[in-house]
Amino acid sequence: MQPRTLPRGRAAVLRAVTGCRGRREEQALHCVVCKLGLASDVVLATALLVRYGKRGLLGPAQRLFDEMPRRDAVAFNAMLAALGASGRAADARRLFDRMPERDRTPASWNTLLTCYCRAGDLASARTVFEASLRAATSSVVSWNAMVDGYCKAGRMDAARELFDRMGSSLRDVITYNTMMAGYLRRGDPAAAIAMFRRLAREEEQTLRPTAVTIATVVTACTQVGDFAFGRAVHLSTRQLLGTSTDAVLSNALMDMYFKCGSVDRALEVFSTMPGAPNLFCWNTVIAGLGRNGRGEDAVRAFRDMVQTSKKINAVKPDSVTFVALLSACSHSGLVREGRELFAEMLPAHGVAPGAEHYGCMVDLLCRAGLLGEAVQLVRTMPVRPNAKVLGCLLLHARSSGDGVTASEWAARRIVELDVRDGAAYGLSNLYASLQRWDHVERRRSAAVASGKEPGRTSYDAQIPHVR
DNA sequence: CCTCACACGC
């Protein structure tokens, strides 16, 4: 049933639903839709369903779907995707089997395929893929979805096999983007760059890179440290893309420039990026300034973020923002600022300090020689101190004159840590370097006896800092 | 209105 009135209003509501972010906006728009008597509009209901589904709110999504007076293939697909996003592949399968026109809707097959991939059931995904090939409901999207499934499962060999089977006539730029992202995720940025070069070389006439392609290859350059090639890609972006950059690409470029020490170029990207910076961009800037020893500027950027957010669009600092910010204070020795920002986290910004934030503060206080205050903070913290926090304390306690009691205290807390925690196990290696053999023996035999001895961890890499 | 790709802190 199409509404007789408000056709323009309907279009405006639809645009608002597809463009909104944040759950409060969604709920408000849902109310507006109901109040305007548009709840039975399949298109609007589907748009709302998609929002809820992406947020993992399966209940409201299911209710919208159930209350639709009639359901088209798009509504079914949206519901399938919502189930998939919540890991409910079996429920998606049952809904798919109930679909009246599924043989003529390729998107449904692709959605089901993706549901299985997300649930980690690659075998079922492959079965759906092969069936869609036989049923002639497949398209390049089906191939890309299957390739992505293998990539996300870390099976790059299987992904590569499909990539080769596709041939240049079937592959599109998303196939390339998917493979590049897969290699990056597996920790092989060189292979991602090789893919990019192949795209540029072989598919020059037919395929154009997208902003995603450029963002991915720039990230790969950052990871291998090939800043020359990353810079070259940046300079030819306009020519490659034909359009200007987007927020994601700007973010990748800023990250690269910060990590190679080109603070000015990073800030230039920031100030010329299209639209208002989102949370990711602010976090990158704050972290980037911090890692380049520009703590004061990082704090200033944070203040800017909070100020501008009040006016235009609500970008609220999150947990990552404060890790970046407090680390920046720590690296630049900004004790007073760090303390103030830490104190205002929950009351002013609604972000509850977690173990990682306490870790930053302990680091900050220890570096400034305020060992007593650091111990006091760990003693009173509402979160269970983790191996990083205690390790930091122990590290600094040893080198300070009044650190004996702090050292003993931290040592006792460390012994209480869960041996199954990789970082906690790593701490026993730290003990080894400190000649605390008695503790090492006790902890190791406990770990081996319980059959839960983990492998070496990244924490080991921190040991050379101990002197 | 739906199905495939990308970005941040230790």
Side-chain angles (χ1 to χ4, degrees), chain A residues 14-15 17-18 41-51 53 64 68 71-82 84 105-115 117 132 137-149 151-152 172-182 184-185 192 209-220 222 246-256 258 277-288 290-291 298 318-328 330 354-357 359-360 363 386 388-389 392 423 458-459 462:
Chain A
L14 181 58
R15 239 178 297 125
V17 172
T18 52
D41 185 311
V42 190
V43 175
L44 285 179
T46 302
L48 281 167
L49 195 166
V50 169
R51 307 301 311 197
L64 276 162
M68 286 176 188
R71 297 172 195 92
D72 59 11
V74 178
F76 266 98
N77 293 341
M79 190 64 227
L80 284 174
T105 52
S108 308
W109 294 72
N110 299 334
T111 309
L112 183 63
L113 194 164
T114 305
C115 289
C117 289
S132 82
T137 51
S138 70
S139 68
V140 64
V141 178
S142 320
W143 288 83
N144 288 345
M146 195 66 239
V147 168
D148 187 48
C151 285
K152 292 226 166 88
D172 66 4
V173 70
I174 294 185
T175 319
Y176 279 90
N177 293 351
T178 305
M179 289 295 295
M180 288 168 64
L184 259 187
R185 198 178 294 111
T210 65
V212 174
T213 320
I214 310 291
T216 309
V217 75
V218 166
T219 305
T222 306
D246 74 346
V248 174
L249 174 51
S250 299
N251 201 45
L253 287 168
M254 283 191 291
D255 190 47
M256 177 182 78
F258 275 126
N278 62 22
L279 178 62
F280 269 87
C281 294
W282 282 114
N283 287 353
T284 300
V285 165
I286 292 166
R291 82 164 73 236
D318 70 350
S319 172
V320 173
T321 314
F322 282 101
V323 172
L325 186 59
L326 296 175
S327 304
S330 177
E356 66 272 35
H357 304 106
C360 293
D363 191 52
N386 60 22
K388 259 185 179 158
V389 168
C392 178
S458 60
Y459 202 88
Q462 297 185 13

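What you see is a predicted model; the values in this text were computed from it and never measured. Reminder, nothing fancy here: chain letters follow the sequence lines and each chain counts from 1. What's counted below: heavy atoms across the whole structure, side chains too, no hydrogens, waters or symmetry copies.
- When distances are taken from the side chain of A/Asn110 to each of B/dT3, B/dA7, B/dG9, the shortest belongs to B/dT3.
- Using a 4.0 Å heavy-atom distance criterion, A/Asn278 is classed as a base contact.
- Residue contacts shown for A/Thr111 are limited to sugar-phosphate atoms, with no base heavy atom under 4.0 Å away.
- Atom CZ of A/Arg71 and atom C1' of B/dC2 are 15 Å apart (whole Å).
- With 3.5 Å as the limit, one finds no donor-acceptor pair spanning the side chains of A/Thr213 and A/Thr216.
- There is no side-chain donor-acceptor pair under 3.5 Å between A/Asp255 and A/Thr222.
- Residue A/Asp72 is classed as a base contact, given a heavy-atom separation below 4.0 Å to a base.
- Residue A/Lys152 places at least one side-chain N or O under 4.0 Å from the OP1 or OP2 atom of B/dA5.
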Side chain to side chain contact (heavy atoms under 4.5 Å, CB included) assessment of A/Ser319 paired with A/His357: CA-CA 8 Å; A/Ser319 172; A/His357 304 106; 3.2 Å; yes
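- Residue A/Arg291 places at least one side-chain N or O closer than 4.0 Å to OP1 or OP2 of B/dC10.
- Of the candidates B/dC1, B/dC6, B/dC4, B/dC4 carries the atom nearest the A/Thr114 side chain, counting heavy atoms from C-beta on.
- Residue A/Leu253 contributes atom CG, which lies 12 Å from atom P of B/dC8 at whole-angstrom precision.
- Side-chain atoms of A/Thr114 come within 3.5 Å of backbone atoms of A/Asn110 as a donor-acceptor pair (strictly under, hydrogens ignored).
- Within the 4.0 angstrom heavy-atom criterion, base atoms lie near A/Thr210.
- Each of B/dC2, B/dC6, B/dC8 was ranked by its minimum atom distance to the side chain of A/Ala181; first place goes to B/dC6.
- Protein atom CG of A/Asp41 is 12 Å distant from nucleotide atom P of B/dC1, rounded to whole Å.
- A/Leu279 has its CG atom 16 Å from the C1' atom of B/dC6, to the nearest Å.
- Checking B/dC8, B/dT3, B/dC4 against the side-chain heavy atoms of A/Asn144 singles out B/dC4 as nearest.
- Straight-line distance from the CG atom of A/Asp255 to the C1' atom of B/dC6: 13 Å, rounded to whole Å.
- If you take CG of A/Leu64 and P of B/dC2, they are 14 Å apart, rounded to a whole angstrom.
- When the side-chain nitrogen and oxygen atoms of A/Arg185 are compared with OP1 and OP2 of B/dA5, none of them lie within a distance under 4.0 Å.
- A side-chain hydrogen bond (donor to acceptor under 3.5 Å, both in side chains) with A/Asn144 holds for exactly one of A/Thr178, A/Asn177, A/Asp172; it is A/Asp172.
- The separation between A/Leu326 atom CG and B/dG9 atom P is 15 Å, rounded to whole Å.
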Got a list of side-chain donor-acceptor pairs under 3.5 Å for residues 72-82 of chain A, not counting sequence neighbours?
unit_1: A/Asp72; atom_1: OD1; unit_2: A/Val74; atom_2: N; d: 3.3
unit_1: A/Asp72; atom_1: OD1; unit_2: A/Ala75; atom_2: N; d: 2.9
unit_1: A/Asn77; atom_1: OD1; unit_2: A/Ser108; atom_2: OG; d: 2.4
unit_1: A/Asn77; atom_1: ND2; unit_2: A/Ala73; atom_2: O; d: 3.3

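- Rounded to a whole Å, the CG atom of A/Leu80 is 14 Å from the C1' atom of B/dC1.
- Side-chain proximity of A/Phe280 to the nucleotides B/dC4, B/dC8, B/dC6 is greatest for B/dC8.
- You'll find that the side chain of A/Leu14 is closest to B/dC1, out of B/dC2, B/dA7, B/dC1.
- If you check B/dC1, B/dA5, B/dA7 against the side chain of A/Thr178, the one that comes closest is B/dA5.
- The residue A/Val50 sits close only to the backbone: its heavy atoms come under 4.0 Å of sugar-phosphate atoms, none of a base.
- The listed nucleotides are B/dC1, B/dC4, B/dC8; the one nearest the side chain of A/Thr284 is B/dC8.
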